Amino acid sequence: MAIVSLERVTKSYGNSVAVHQFDLETKDGEFVVLVGPSGCGKSTTLRMLAGLEDVSGGRILIGGQEVQNVASKDRDIAMVFQSYALYPHMDVFGNMAFGLKMRNTPKPEIDRRVHEAASILGIEALLERKPRELSGGQRQRVALGRAIVREPQVFLMDEPLSNLDAKLRAGMRAEILKLHQRLGVTAFYVTHDQVEAMTMGQRIVVMRDGWIQQTSTPLGLYDRPANRFVAGFIGNPAMNFLRMRVDAAGEKLHAAFGDLDIPDRFQASLQTRRDRDVWAGIRPEHLFVAPPDASTGVVTGTVELIEPLGSVIEVQVNVDGTVVIAQIDRDSPVRVGEVLKLRVDTVRLHLFDIESEVSLLDPQ
């Protein structure tokens with residue numbers, strides 16, 4: 001196990017900067033997830049940590065030792081790739097043992113480590129099979145096993161589940177978490193899937209265009225997003241955003257579709273924004289069907305689409321030209337084309353600056 005520190009790490013390709021001054025220090029044995037859209041720099045950051053990409057600026061430390069100029073093979077890390085990267089001519093045992101053989105590990109030690117890892121992953125019966133004889137999930141277990149036998153200080157995983165179907169991916173998420181709890185090794189996990197990030201990460205780094213947008217726990221990102229991008233990226237379905245105006249008293253938000261009370265936690269930051277627009281963000285799960293005669297604390301629009309999801313109904317409502325998604329009770333008698341009033345849980349309301357898109361939540 002090891003503490004990993006990245007200090008103002010930067011990666012440039014000519015005049016193009018892929019990663020800007022990445023700063024992070026892990027706890028020993030922490031599971032950290034890097035998440036963001038394609039091209040945000042998360043895989044490049046992981047590859048710099050692995051030694052597969054040169055660092056243009058900054059420092060990387062593993063266990064207190066500076067490693068940005070150390071060869072990948074000497075960093076005491078193990079990486080699991082999206083493509084599995086198994087040798088097709090070797091059986092499972094050979095694939096898992098290959099790295100140890102290259103390090104001249106004694107054969108009895110290789111046997112011990114491979115069989116122990118195979119037992120942990122439930123693939124002992126597969127050790128004599130070739131990769132072509134395995135399912136996608138089994139191949140992923142072999143790739144994980146190859147990393148485990150190295151007994152590294154740090155595990156690095158670059159979208160390891162993206163080739164699996166949804167059901168198998170969910171099962172493998174749980175397996176990786178159990179594996180991490182058992183081994184207690186510091187781990188970095190890259191994904192573009194925010195659901196994967198929220199369910200797996202002890203801490204999550206949200207990236208965009210090479211910049212860290214926010215680093216927090218899953219609930220920290222959900223409850224206190226630092227900006228509109230994080231608020232819209234974290235959560236499924238995504239947060240709704242409505243442009244509204246702060247009244248002269250700084251007590252209400254006005255829009256053509258209705259008024260909303262401003263929660264106390266925003267009062268201080270909104271005193272300088274009276275008679276100005278802000279972005280109001282509300283998650284679909286924090287909208288509820290309101291009585292037809294409700295006049296305050298609601299948004300009103302026309303139902304355009306209804307999607308039954310089993311436990312809830314997902315409703316798309318056109319509110320003054322903006323499509324708002326609400327997750328409501330499955331027994332709600334809503335119909336396409338009707339005018340619907342949705343009560344906003346203002347306790348869960350989020351407000352963002354109209355230009356910088358930074359959260360207006362008062363500091364705690």
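Quick caveat: nothing in here was measured; it's all calculated off a predicted structure.
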Those residues that, when tested against S162, pass side-chain hydrogen bond (donor to acceptor under 3.5 Å, both in side chains) (two or more places apart): Q82
Side-chain (T186) to main-chain (A2) donor-acceptor, under 3.5 angstrom: yes
Return a table of donor-acceptor pairs under 3.5 angstrom between the side chains of residues 168-176 and protein atoms on other chains or two or more places apart.
unit_1	atom_1	unit_2	atom_2	d
R169	NH1	L164	O	2.8
R173	NE	T199	OG1	3.4

Side chain to side chain donor-acceptor pair (under 3.5 Å) between T10 and Q21, intermediate numbers included: CA-CA 5 Å; T10 298; Q21 299 180 5; 5.4 Å; no
Taking distance alone, no hydrogens or angles, what donor-acceptor pairs closer than 3.5 Å link side-chain atoms of residues 235-243 to residues at least two apart or in another chain?
unit_1	atom_1	unit_2	atom_2	d
N240	OD1	I325	N	2.8
N240	ND2	I282	O	3.2
N240	ND2	I325	O	2.8
R243	NE	D277	OD2	2.9

Contacts of R276 that satisfy side-chain hydrogen bond (donor to acceptor under 3.5 Å, both in side chains) - sequence neighbours left out: none
Pairing residues for E7 by the salt bridge (Lys or Arg N to Asp or Glu O under 4.0 Å) criterion, not counting sequence neighbours: R59
Interatomic distance, R75 atom CZ to S72 atom OG [nearest 0.5 angstrom]: 6.5 Å
Atom CG of D23 with >12 non-hydrogen neighbours under 6.0 angstrom: yes
Carboxylate-amine/guanidinium proximity below 4.0 Å for E133 and K130: no
Contacts of type side-chain hydrogen bond (donor to acceptor under 3.5 Å, both in side chains), residue R129, not counting sequence neighbours: none
Donor + acceptor pair across side chains of E314, Q316 (<3.5 Å): no
Validation row: Q202, T217 side chains within 4.5 angstrom (heavy atoms): no
E159 and T191: side chain donor to acceptor below 3.5 Å: no
Members besides M102 in its Ile/Leu/Val/Met/Phe/Trp/Tyr cluster (side-chain heavy atoms under 4.5 Å): Y87, M90, F98
Heavy-atom side-chain contact between K11 and V55 under 4.5 Å: no
Gap between atom CG of D209 and atom SG of C40 - 0.5 Å precision: 8.5 Å
Identified side chain to side chain contact (heavy atoms under 4.5 Å, CB included) counterpart of F22 within the set M48, M207, K42: M207
Value rounded to 0.5 Å, distance of CG in L156 from CD1 in I77: 5.0 Å
Sub-4.5 Å side-chain heavy-atom contact between L61 and Q68: no
Exercise: do E304 and N318 side chains pair donor with acceptor under 3.5 Å: yes
Value rounded to 0.5 Å, distance of CD in Q327 from CD1 in I313: 11.0 Å
Q214-N227 side chain donor-acceptor pair, cut-off 3.5 Å: no
Gap between atom CZ of R245 and atom CG of D275 - 0.5 Å precision: 6.5 Å
Non-neighbouring partners of D320 that pass side-chain contact (heavy atoms from CB on, under 4.5 Å), sequence neighbours left out: A256, F257
pair V92-M96: side-chain heavy atoms closer than 4.5 Å: yes
Contact list for residues 32-53, test ring-ring contact (aromatic ring centres under 6.0 Å, His included), sequence neighbours left out: none
Evaluation steps, salt bridge (Lys or Arg N to Asp or Glu O under 4.0 Å), between D247 and K252: CA-CA 6 Å; D247 68 7; K252 289 185 179 295; over 6 Å; no
Pairwise distance CG(L309) to CZ(R330) - rounded to 0.5 angstrom: 11.0 Å
Selection residues 106-157 - residue pairs positive for ring-ring contact (aromatic ring centres under 6.0 Å, His included), sequence neighbours left out: F93-H115
Pairs where residues 335-356 contributes a residue and the test side chain to side chain donor-acceptor pair (under 3.5 Å) is met, not counting sequence neighbours: D223-R348, R273-D353, D353-S356
Side chain proximity check, I328 to V334, heavy atoms < 4.5 angstrom: yes
Pairwise ring-ring contact (aromatic ring centres under 6.0 Å, His included) hits with a residue in residues 200-228, at least two apart: H20-W211
